[in-house]
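The shown structure was predicted, so the numbers you read here are calculated from the model rather than taken from an experiment.
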Amino acid sequence: MTTQENVLKILHLNDLHSHFENYPKIKRFFADKSVGYSDVLRFDIGDNVDRSHALSEATLGQANVDLMNALDLTAATIGNNEGLGLPKEKLDKLYANANFDVVLANLKDKGKQPSWAVEKKRVTTSFGMTIDIFGLTAPYPLAYPQMGWDILEPESVLAQQLLESDADFTILLSHLGWRFDEQAAMTFDNLNLILGAHTHHLYEYGKYMNDTMLAGHWPLWRIRR
């Protein structure tokens, strides 16, 4: 197959909720859709770990991370299942063996960035495009402080990140739900792509709002064939 030059391919999954039976399909899909492309970004948008599954419960999410590693992810962000479903000391260790970056800007540890996450990630394509990747998770202001975390209001965090960005293209990994995503698209002019999660919503063909592309899909386990 001829390599697609000057083309950026983006693949993403969200809200897997430890439905491990779907990992073979996801791994094949990511591999198949990457063939022939020199520039591919792969993302997980949170709620991969769900302790309702015995394997996630027994390993406290380490089994999930092992399988995420096999997807050759560019980056991931966390959902409320990782953030609230794991004690602070376990979340601090969850991504110790990850081969991908966790991008998350609105969860802090005593006002500082958690050691296991970065506020943003910049990548540069083979054809010279710079891309800033941001990650935000759903705020639960009554719950997170009780678990030892500081949770920040996502819109103000995103506003500051976009203000400071000089990248050619910006991507938000949003575990915030479609209402936030659509409001963000209408609010910010230099937000190019939002990959959404949390509300298990579907944009079958994507959605353009204020020159921002929104993408979201149902979790695979919800699709009945």
Colleague: Give a yes or no on whether F169 and Y208 share a hydrophobic cluster (residues Ile, Leu, Val, Met, Phe, Trp, Tyr; joining criterion: side-chain heavy atoms under 4.5 Å apart).
Modeller: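 They do share one cluster, since a chain of ILVMFWY contacts under 4.5 Å joins F169 to Y208.
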Colleague: Looking only at the side chains, is there a donor atom on one of N210 and D189 sitting less than 3.5 Å from an acceptor on the other?
Modeller: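 There is such a pair between these side chains.
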Colleague: With L193, which of I10, I131, L172 fulfils side chain to side chain contact (heavy atoms under 4.5 Å, CB included)?
Modeller: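 By the side chain to side chain contact (heavy atoms under 4.5 Å, CB included) criterion, L193 pairs with just one of I10, I131, L172: I10.
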Colleague: Do the side chains of K207 and E182 get close enough for a salt bridge, i.e. N-O under 4.0 angstrom?
Modeller: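 Here K207 pairs with E182 in a salt bridge, since their nearest N and O are under 4.0 Å apart.
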Colleague: Side chains of D47 and H175: any donor to acceptor distance under 3.5 Å?
Modeller: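 Result is yes, a qualifying pair exists.
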Colleague: With rounding to the nearest 0.5 Å, note down the distance linking OH in Y140 to CG in L142.
Modeller: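 The distance works out to 11.5 Å.
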Colleague: Quick one: does any side-chain atom of T187 pair with a main-chain N or O of Q183 as donor and acceptor, under 3.5 Å?
Modeller: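 Such a contact is found between T187 side chain and Q183 backbone.
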Colleague: Is there a side-chain contact between L60 and V49 in this structure, where contact means two heavy atoms from C-beta onward sitting under 4.5 Å apart?
Modeller: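 No - every pair of side-chain heavy atoms lies 4.5 Å or more apart.
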Colleague: Which atom names give the shortest non-hydrogen contact between W178 and T199, and what distance separates them?
Modeller: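 Smallest interatomic distance, heavy atoms only, reads N-OG1, 3.1 Å.
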Colleague: Is Y37 linked to F29 within one hydrophobic cluster, defined over Ile, Leu, Val, Met, Phe, Trp and Tyr using a side-chain heavy-atom separation of less than 4.5 Å?
Modeller: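 Yes; tracing contacts between hydrophobic side chains, which count when under 4.5 Å, links both residues.
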Colleague: Would V102 and V118 count as a side-chain contact (heavy atoms from CB on, under 4.5 Å) here? Give the steps.
Modeller: CA-CA 6 Å; V102 178; V118 296; over 6 Å; no
Colleague: Would D109 and K88 count as a salt bridge (charged side-chain N to carboxylate O under 4.0 Å, His left out) here? Give the steps.
Modeller: CA-CA 10 Å; D109 186 356; K88 183 176 184 295; 3.0 Å; yes
Colleague: If you take all heavy atoms of G177 and H201, which pair is closest and at what distance?
Modeller: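 Closest approach of G177 to H201, heavy atoms only: C-CE1, 4.3 Å.
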Colleague: At what distance, to the nearest 0.5 angstrom, does CG of D32 lie from NZ of K27?
Modeller: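 Spacing of CG (D32) from NZ (K27) equals 12.0 Å.
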Colleague: Identify the heavy atoms of N64 and S18 that sit nearest to each other, and give their distance.
Modeller: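 Smallest interatomic distance, heavy atoms only, reads ND2-OG, 3.2 Å.
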Colleague: Within a 6.0 Å radius of atom CD on Q146, are there more than 12 heavy atoms belonging to other residues, nucleotides or ligands?
Modeller: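 Not buried by this count: 12 neighbours or fewer within 6.0 Å.
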Colleague: Can you spot which of R42, K9, R28 makes a side chain to side chain contact (heavy atoms under 4.5 Å, CB included) with K33?
Modeller: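 Checked R42, K9, R28 against K33; only one passes side chain to side chain contact (heavy atoms under 4.5 Å, CB included): K9.
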Colleague: If you apply the rule side-chain contact (heavy atoms from CB on, under 4.5 Å), what do you find for V157 with F134, and how did you get there?
Modeller: CA-CA 10 Å; V157 172; F134 311 113; over 6 Å; no
Colleague: Please name the pair of heavy atoms, one in N106 and one in P154, separated by the smallest distance, quoted to 0.1 Å.
Modeller: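 Closest pair (atom of N106, atom of P154, distance): ND2-CB, 4.1 Å.
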Colleague: Test your reading of the model: is there a side-chain donor-acceptor pair from D168 to the backbone of M129, 3.5 Å cut-off?
Modeller: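 Absent.
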Colleague: For N99, does its backbone N or O pair with a side-chain atom of N69 as donor and acceptor, under 3.5 Å?
Modeller: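 Flag set: sc N69 to bb N99 pair under 3.5 Å.
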Colleague: Supply the atom-to-atom distance L71 CG to F43 CZ, rounded to the nearest 0.5 angstrom.
Modeller: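 L71 CG to F43 CZ: 13.0 Å, rounded to 0.5 Å.
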Colleague: Using side-chain heavy atoms (C-beta onward) and a distance below 4.5 Å, is I194 in contact with M213?
Modeller: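 Of all side-chain heavy-atom pairs linking M213 with I194, none is under 4.5 Å.
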Colleague: Side chain to side chain donor-acceptor pair (under 3.5 Å), that's the test. Do D50 and S52 meet it? Break it down for me.
Modeller: CA-CA 5 Å; D50 192 323; S52 64; 2.9 Å; yes
Colleague: Please give me the minimum heavy-atom distance between A143 and L84, naming the atom from each residue.
Modeller: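 Where A143 meets L84 most closely, the heavy atoms are CB-CD2, 3.9 Å.
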Colleague: Should L67 and F20 count as side-chain neighbours, where that means a heavy-atom distance under 4.5 Å?
Modeller: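 Answer yes - side chains close enough.
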Colleague: Is L136 linked to V103 within one hydrophobic cluster, defined over Ile, Leu, Val, Met, Phe, Trp and Tyr using a side-chain heavy-atom separation of less than 4.5 Å?
Modeller: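 No, L136 does not connect to V103 through the hydrophobic network.
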Colleague: Shortest non-hydrogen contact from A167 to T130?
Modeller: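 Minimum heavy-atom separation between A167 and T130: CA-OG1, 3.5 Å.
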Colleague: Could you go through the side chain to side chain donor-acceptor pair (under 3.5 Å) check for K108 and Q113 one step at a time?
Modeller: CA-CA 5 Å; K108 303 297 180 183; Q113 186 69 12; 2.5 Å; yes
Colleague: Can S156 and Q160 be counted as having a side-chain donor-acceptor contact under 3.5 angstrom?
Modeller: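 Not at all, the side chains of S156 and Q160 share no donor-acceptor pair under 3.5 Å.
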Colleague: Any chance you could measure L173, atom CG, to D44, atom CG, to the nearest 0.5 Å?
Modeller: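 Here the rounded value is 9.0 Å.
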Colleague: Is V65 reachable from L86 through a run of I, L, V, M, F, W or Y residues, each pair having side-chain heavy atoms under 4.5 Å apart?
Modeller: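 Yes.
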Colleague: Run the side chain to side chain donor-acceptor pair (under 3.5 Å) check on D39 and T125 step by step: do they pass?
Modeller: CA-CA 6 Å; D39 292 277; T125 68; 4.5 Å; no
Colleague: Is there a donor-acceptor pair under 3.5 Å between the side chain of Q62 and the backbone N or O of L94?
Modeller: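 The answer is yes, because a donor-acceptor pair under 3.5 Å joins these two groups.
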Colleague: Are L107 and I78 packed together at the side-chain level, in the sense that at least one heavy-atom pair is separated by less than 4.5 angstrom?
Modeller: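 Answer yes - side chains close enough.
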Colleague: Are L176 and M209 joined in one hydrophobic group, where the rule is that I, L, V, M, F, W and Y side chains link up if heavy atoms are under 4.5 Å apart?
Modeller: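 Per the 4.5 Å side-chain linkage, L176 and M209 are co-clustered.
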Colleague: With a 4.5 Å cut-off on side-chain heavy atoms, are F127 and S38 touching?
Modeller: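 The answer is no; the side chains never approach within 4.5 Å.
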Colleague: Using a 4.5 Å cut-off on heavy atoms from C-beta on, say whether the side chain of F30 contacts that of V40.
Modeller: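 Not in contact.
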Colleague: With a 3.5 Å distance limit and no angle check, can you tell me whether S174 reaches the backbone of L195 through a side-chain donor-acceptor pair?
Modeller: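 Side chain of S174 to backbone of L195: no pair is present.
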Colleague: So, D132 side chain and T170 main chain: donor-acceptor pair closer than 3.5 Å or not?
Modeller: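 Not at all, since once roles are kept as given, no pair shorter than 3.5 Å links the two residues.
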Colleague: Rounded to the nearest 0.5 Å, how far apart are CG of L16 and CD1 of I45?
Modeller: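 These two atoms lie 12.5 Å from each other.
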Colleague: Take D15 and H198 through the test side chain to side chain donor-acceptor pair (under 3.5 Å) and record every step on the way to the result.
Modeller: CA-CA 7 Å; D15 296 283; H198 187 46; 5.3 Å; no
Colleague: Determine, for R122 against D166, whether the closest basic-nitrogen to carboxylate-oxygen distance falls under 4.0 angstrom.
Modeller: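 Salt bridge between R122 and D166, a charged N being under 4.0 Å from a carboxylate O: yes.
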Colleague: Is it the case that the side chain of E119 and the backbone of L104 share a donor-acceptor pair, with hydrogens and angles ignored and the cut-off at 3.5 Å?
Modeller: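 No, the answer is negative, given that no donor and acceptor are paired below the 3.5 Å cut-off.
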Colleague: Between atom CG of D101 and atom OG1 of T74, what is the distance when rounded to the nearest 0.5 Å?
Modeller: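 One finds 9.0 Å between CG of D101 and OG1 of T74.
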Colleague: With heavy-atom distances below 4.5 Å as the criterion, would you say the side chains of F188 and E155 are in contact?
Modeller: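 Sidechains of E155 and F188: in contact.
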Colleague: Is a side-chain N or O of H19 found less than 3.5 angstrom from the main chain of E21, in a donor-acceptor match?
Modeller: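 Absent.
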Colleague: Do L41 and L11 have side chains that get closer than 4.5 Å, going by heavy atoms?
Modeller: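 Side-chain contact under 4.5 Å: no.
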